[in-house]
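Structure, as structure tokens:
Here is the naming used below: chain letters follow the sequence lines, and residue numbers restart at 1 for every chain. Below, all heavy atoms of this structure are taken into account, side chains as well, without hydrogens, waters or symmetry copies.
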There are 2 protein chains.
Amino acid sequence: MSTLSRKQREIQQREGMLLDVARKMLVEQGYAGLSMDRIAELTEYSKGVIYQHFSSKEDLVTAMAVQSLQRRVEYFSRAAAFQGRPRERMMAIGVAEELFVRLHPHYFHSELIIKMASLKERVSSERLEDLRKEQNQCFGRVRSIVQAAIDCGDLVLPPKLEQADIVVGLWSLNMGAYSLMHTDREMLVENGVTAPLTGVRVHCHALLDGYGWKPLVAEWDYENSYRRILKEVFPEECLQAGLE
Amino acid sequence: MSTLSRKQREIQQREGMLLDVARKMLVEQGYAGLSMDRIAELTEYSKGVIYQHFSSKEDLVTAMAVQSLQRRVEYFSRAAAFQGRPRERMMAIGVAEELFVRLHPHYFHSELIIKMASLKERVSSERLEDLRKEQNQCFGRVRSIVQAAIDCGDLVLPPKLEQADIVVGLWSLNMGAYSLMHTDREMLVENGVTAPLTGVRVHCHALLDGYGWKPLVAEWDYENSYRRILKEVFPEECLQAGLE
DNA sequence: ACTTTTTCCGACGACACGTCGATAATTGAT
DNA sequence: ATCAATTATCGACGTGTCGTCGGAAAAAGT
């Protein structure tokens, strides 16, 4: 006998289904087109049921963001376990992020929305706590790699920068690039930017080189590292993403 | 006699006033708290009048973003005119962005919102054209500096990167960092990131060093450049921002 | 002074969020 | 198996917002 009754398990499962339907709606129709009434209609549950799961529309969107971050943490964890120099492991995190965005754009999208609209006011405090926790998980995964690099001497912190700052720099660059792609793809193609995704990798390497994080691009065959990461850490996802 | 009648000028002026009221509301109450009815109430105009200026709520928010970009272009233009090496002029752009975000956070905020919510569907096509134009202005200002650096030999494009890519890298890093500050400041302080704004400058320098854009940080006194930029290009704004 | 055109108004319909009392289903005890 | 107690579900309702539209008011023109 499990800790939860049959009914309660059913309810828990339902939450996932509600989120799936909601996410599809969010992606197809935007935030404004995400309607609680229509979720009720499509799932053939009543609104009351939905409001037993989520205290408000904002709470629901936040739940999507939490799901997204959980998935990301999963990716990051696998990436962080890659066998290699710290900088290679950091590269693996970058690959993880890239695959994550490629394979789950709807998850990423929900994160962006919740971030922007400053919806936090109307979100239940437990959900907000979940969000915070997952975010810190992500941050922590990256941070520990930076620490490892410092410990083994591959990275000497430049003046005025702490470990956490390095994380912020990389995070900003990635986050900025991907949200740019999502929101201003039009402007990019207009300006002849054809392969923004591969671009991100190159930019990250430039940034790490700028920090003086050894081995520098000139001293190491990161193309090879890249292939190893894809093959050893994300073989399944590669196929899904259509990467060779 | 001007080309516009008195009445028409009055109407044009009114648009600015409407946007001011709306922006204040947006910043104080978030996107959800921005209500067309309340704008009408506060300005003591009818809703009909407001809908003569803006075809929808989204159109109004887009108008705010356009205003914001116009202001940014102004800042960027002044920065681009700084006398010095291309990399110094690029640094001036960074300073411009920093001051812009510091002094007009509400403008910046409206940009973020319009970007995220994929509101574009309901925006009038003229307004969308305005937005596109201003964005390209910004992009162009930065791009021409990159070109200048290439022309004078200060920058040799790394393999796999075009001029436009360099712009994208810097843009992403800045955009990402500032939106991170706006949306996740809490997470930053939790992780001991104390001075994110000065951090951005350091990260940008690292990125430019990574591109091999001469003169590198080690070869030039950019602290001095920074002081010169503040004093020569943005003396007024410095005081307002409370920078020494 | 009177007509035409422009501008302005605010009631109205449609729709969305979130609530709540009534209703149905499930559980547990006898 | 029966019935009471608890739990889960429903959907109509109140409130508020968006965007429209026909008529009132003001301005321009003659």
**Message:** Under a 3.5 Å cutoff, is there a donor and acceptor pairing between the side chains of His104(A) and Tyr75(A)?
**Reply:** yes

**Prompt:** Can you list the steps and then say if Glu111(A) with Lys115(A) is a salt bridge (Lys or Arg N to Asp or Glu O under 4.0 Å)?
**Reply:** CA-CA 6 Å; Glu111(A) 272 184 63; Lys115(A) 269 178 191 300; 5.4 Å; no

**Message:** Could you check whether Arg132(B) pairs with Glu129(B) (Lys NZ or Arg NE/NH1/NH2 to Asp/Glu carboxylate O, under 4.0 Å)?
**Reply:** yes

**Prompt:** NA contact type, Glu58(B), heavy-atom cut-off 4.0 Å: base, sugar-phosphate, or nothing?
**Reply:** sugar-phosphate

**Item:** Nearest-Å distance for atom pair OH/C1', residues Tyr45(A) and dA24(C)
**Value:** 15 Å

**Fill in**
Checking dG18(C), dA8(D), dC9(C) against the side chain of Tyr51(A) (C-beta onward), the nearest is dG18(C)

**Request:** Mind calculating the distance between CZ (Phe54(B)) and C1' (dC18(D)) to the nearest angstrom?
**Result:** 16 Å

**Message:** Could you check whether Arg23(B) pairs with Asp20(B) (Lys NZ or Arg NE/NH1/NH2 to Asp/Glu carboxylate O, under 4.0 Å)?
**Reply:** yes

**Request:** Strictly below 4.0 Å, heavy-atom distances to any atom of DNA chain D: list the hits from residues 34-44 of chain B, or just say none.
**Result:** Leu34(B), Ser35(B), Met36(B), Asp37(B)

**Atom pair distance, as rounded to whole Å: NZ in Lys47(A) and P in dC20(C)** = 13 Å

**Asked** Atom CD1 of Ile11(B) and atom C1' of dC9(C): how far apart are they, to the nearest Å?
**Response** 14 Å

**Item:** Side chains of Phe76(B) and Arg72(B) in contact at under 4.5 Å (non-hydrogen atoms)
**Value:** yes

**Prompt:** Hey, does the side chain of Lys57(A) come within less than 4.0 Å of dC17(C)'s phosphate (OP1/OP2), counting only N and O?
**Reply:** yes

**Length of the CG-P vector between Asp59(A) and dG18(C), whole Å** = 10 Å

**Asked** Can you tell which of dG19(D), dG18(C), dC8(C) lies closest to the side chain of Ser56(A)?
**Response** dG18(C)

**Integer-rounded Å distance: dT9(D) C1' and Arg14(A) CZ** = 8 Å

**Request:** Round to the nearest Å and state the distance from Arg122(A) atom CZ to dG16(D) atom P.
**Result:** 13 Å

**Asked** Which one, dG10(C), dA8(D), dG19(D), comes nearest to the side chain of Gln52(A)?
**Response** dA8(D)

**Request:** Measure from CD on Gln29(B) to P on dT17(D) and round the result to the nearest Å.
**Result:** 10 Å

**Prompt:** Should we count CD of Gln137(A) as having more than 12 external heavy atoms under 6.0 Å?
**Reply:** yes

**Request:** Give a yes or no on this: more than 12 heavy atoms of other residues, nucleotides or ligands lie within 6.0 Å of atom CD of Glu28(A).
**Result:** yes

